[in-house]
Protein chains: 2
Amino acid sequence: MTVAGCLPKGAAYQVVQREILSRIRNKVWPPGTRIPGEIDLAAEFGCARATISRALRELAEAGVLERKRRAGTRVTLNPVRRAMLEIPMVRQQVAETGRAYGHDLLFRAVEAPPEAIRARLGLAVGVRMLHARCLHRADGRPFQTEDRWINLEAVPEAAGIDLTTTSANEWLIREMPLSSAETSLSAAAATDAEAALLGCPPGAPLLDIERTTWLGDLPITTVRLLHPPGFRVVGRV
Amino acid sequence: MTVAGCLPKGAAYQVVQREILSRIRNKVWPPGTRIPGEIDLAAEFGCARATISRALRELAEAGVLERKRRAGTRVTLNPVRRAMLEIPMVRQQVAETGRAYGHDLLFRAVEAPPEAIRARLGLAVGVRMLHARCLHRADGRPFQTEDRWINLEAVPEAAGIDLTTTSANEWLIREMPLSSAETSLSAAAATDAEAALLGCPPGAPLLDIERTTWLGDLPITTVRLLHPPGFRVVGRV
DNA sequence: ATTGTCATTATGACTAGACATATCTGTCAA
DNA sequence: TTGACAGATATGTCTAGTCATAATGACAAT
């Protein structure tokens, strides 16, 4: 672990990463600079090329560097801010803050989805889906409303679940692991019905999280989650 | 690239990842299962341990697996949904959709921050900060309001910028690369002043993105961005 | 001026083997 | 029964080297 006389704090590839980040910060390598190749850096840091390669690969994944074969490695010119949001299952989210979780099933039917939902999932005209509406509670108080459509062609078993005991979300996470999803966040004004459910005045600003989930190419479910005023989603970089 | 008779689609470590994901999905290895060790998998897939190691390491970073020395590798029991939001600079965000970007500086002063801001950044009582308010436009129409506080103790140069030509955000990204940040999203009702700026009715639901940035331990800036109704932030997993 | 060919070059992936280190387990002694 | 210690084990990291592949730039042919 001989890394150019550095105090060896942590693994060598991390020492390399810290040194590179420090050079970028201190404008030794300003944005846009082409930095030395892996072989040169390996020589400088006194380690194998694979070690440098790992350090650079991870920095590239983080968006700090841009790598291209033959062209070399450059410091990213216009870095994008990335926020990693962790959206846990409602039950855990509530339990983490030490409150009691509960949920009410408000509505359940197998019916034809509205055109917008059908198109979003790319399903055939005339398809019927499982539609469920639900209110999640923390210590009895409204925490989140859920309006979910499930593609029964992809998950026919979903038709048989007792949604009053297991929430659809939990069932889906347990039975359909590793799906890919698109999440979008926006602000919406509470309709009269939503206001009544969430216990806030009509027109109040709600945080609206919508998520559509696929397993491979197969659309599974799309859900709209509404949160009462004051709710925040926090992410760190 | 001999990977157990597989059609070699992509790199070996990716083939391994796909196979592992498929086993988890198909309940060959249900959540909680301890999967075979790296050496066994290397033998099964006919590749080196380093290749298996990389495949598993990345799946662990993605939250699919949990790894512990001596204890082995297990399929994560309660996977968390992660949404990766990319929040580009306003200028790019507007330009990407083919609209013309513009911004107006509404306010600029060096003054004492409100208590909440001061505490959020962990600064001393009585500190003075650069305070700027700004309206960003797309094709002339209001796109985003910005209310920013900059820690002049950390970035004294910021006092000298001409904020009418360069927006504070762009200057900070260019001059202070690689800072860490905490981002939070919520919904807020438009005040009368905000409504006037954004061209929406008072009380309209706005998406509120707040971000606080540090360079190491040093707080740099905190900003509140408000977006008119209809604005969405989209993230993929 | 344009197109095609080809060597060069830097990254990307991989192997076989080594040592490091956290952690679990069983054993033995206080 | 409890605690301390030693061994086993699985992951974590690293090396030195090989082969693969994408992109570039120079040069030649059209």
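Throughout, protein chains are lettered first and strands after them, A, B, ... in sequence-line order, and every chain is numbered starting at 1.
For the salt bridge (Lys or Arg N to Asp or Glu O under 4.0 Å) test, no residue two or more places apart in sequence or in another chain qualifies with B:Arg57. A search for side chain to side chain contact (heavy atoms under 4.5 Å, CB included) contacts involving B:Glu66 returns B:Thr76, not counting sequence neighbours. Looking at residues two or more places apart in sequence or on another chain, you find a side chain to side chain contact (heavy atoms under 4.5 Å, CB included) between A:Asp40 and A:Pro36.
Taking a 6.0 Å sphere around CZ of A:Arg141, one finds it holds 12 or fewer heavy atoms contributed by other residues, nucleotides or ligands. Environment of CG in B:Asp162: crowded, with over 12 heavy atoms of neighbouring residues, nucleotides or ligands closer than 6.0 Å. Within a 6.0 Å sphere centred on CG of B:Asn26, heavy atoms belonging to other residues, nucleotides or ligands number more than 12.
Rounded to an integer number of Å, the gap from A:Ile39 CD1 to D:dT15 P is 15 Å. Note: CD (A:Gln14) to P (C:dT21) measures 13 Å, nearest angstrom. For A:Asp40 and C:dT9, the CG to C1' distance is 12 Å, given to the nearest whole Å. Between A:Leu65 atom CG and C:dG12 atom C1' there is a gap of 15 Å when expressed in whole angstrom units. Atom CD1 in A:Ile52 sits roughly 17 Å away from atom C1' in C:dA13 (whole-Å rounding). Distance, A:Glu38 CD to D:dT18 P: 17 Å, rounded to whole Å. Rounded to whole Å, the distance from CD on B:Glu66 to C1' on D:dT11 is 15 Å.
In this structure, A:Lys68 does not reach the C:dG12 phosphate: none of its side-chain N or O atoms is under 4.0 Å from OP1 or OP2. Not one side-chain nitrogen or oxygen of A:Tyr13 sits closer than 4.0 Å to the OP1 or OP2 atom of D:dC14.
Between the side chain of A:Asp147 and the main chain of A:Arg224, no donor-acceptor pair closer than 3.5 Å is present. No donor-acceptor pair closer than 3.5 Å links the side chain of B:Glu170 to the backbone N or O of B:Ser167.
Non-hydrogen atoms lying under 4.0 Å from DNA chain C are contributed by A:Arg34, all within residues 27-36 of chain A. Listed by residue number, B:Arg69, B:Arg70, B:Gly72, B:Thr73 are the residues of residues 69-77 of chain B with a heavy-atom contact under 4.0 Å to DNA chain D. Of the residues in residues 53-64 of chain A, those lying under 4.0 Å from DNA chain D by heavy-atom distance are A:Arg54.
Contact of the B:Leu172 side chain with the B:Arg148 side chain is registered, since non-hydrogen atoms from C-beta on lie closer than 4.5 Å.
Nearest to the side chain of B:Arg49, among C:dT11, D:dA16, D:dT13, sits D:dT13. When the nucleotides C:dC14, C:dT15, D:dT15 are ranked by their closest atom to the side chain of B:Ala11, C:dC14 comes out on top. In this structure, of D:dA16, C:dC14, C:dA16, it is D:dA16 that holds the atom nearest to the side chain of A:Ala48.
A salt bridge links B:Glu38 to B:Arg67: one of the charged nitrogens lies within less than 4.0 Å of a carboxylate oxygen.
Across B:Arg91, B:Arg137, B:His136, B:Gln93, a single residue satisfies side chain to side chain donor-acceptor pair (under 3.5 Å) together with B:Tyr101, and that is B:His136.
With rounding to the nearest 0.5 angstrom, the CG atom of B:Asn78 is 4.5 Å from the CD atom of A:Gln92.
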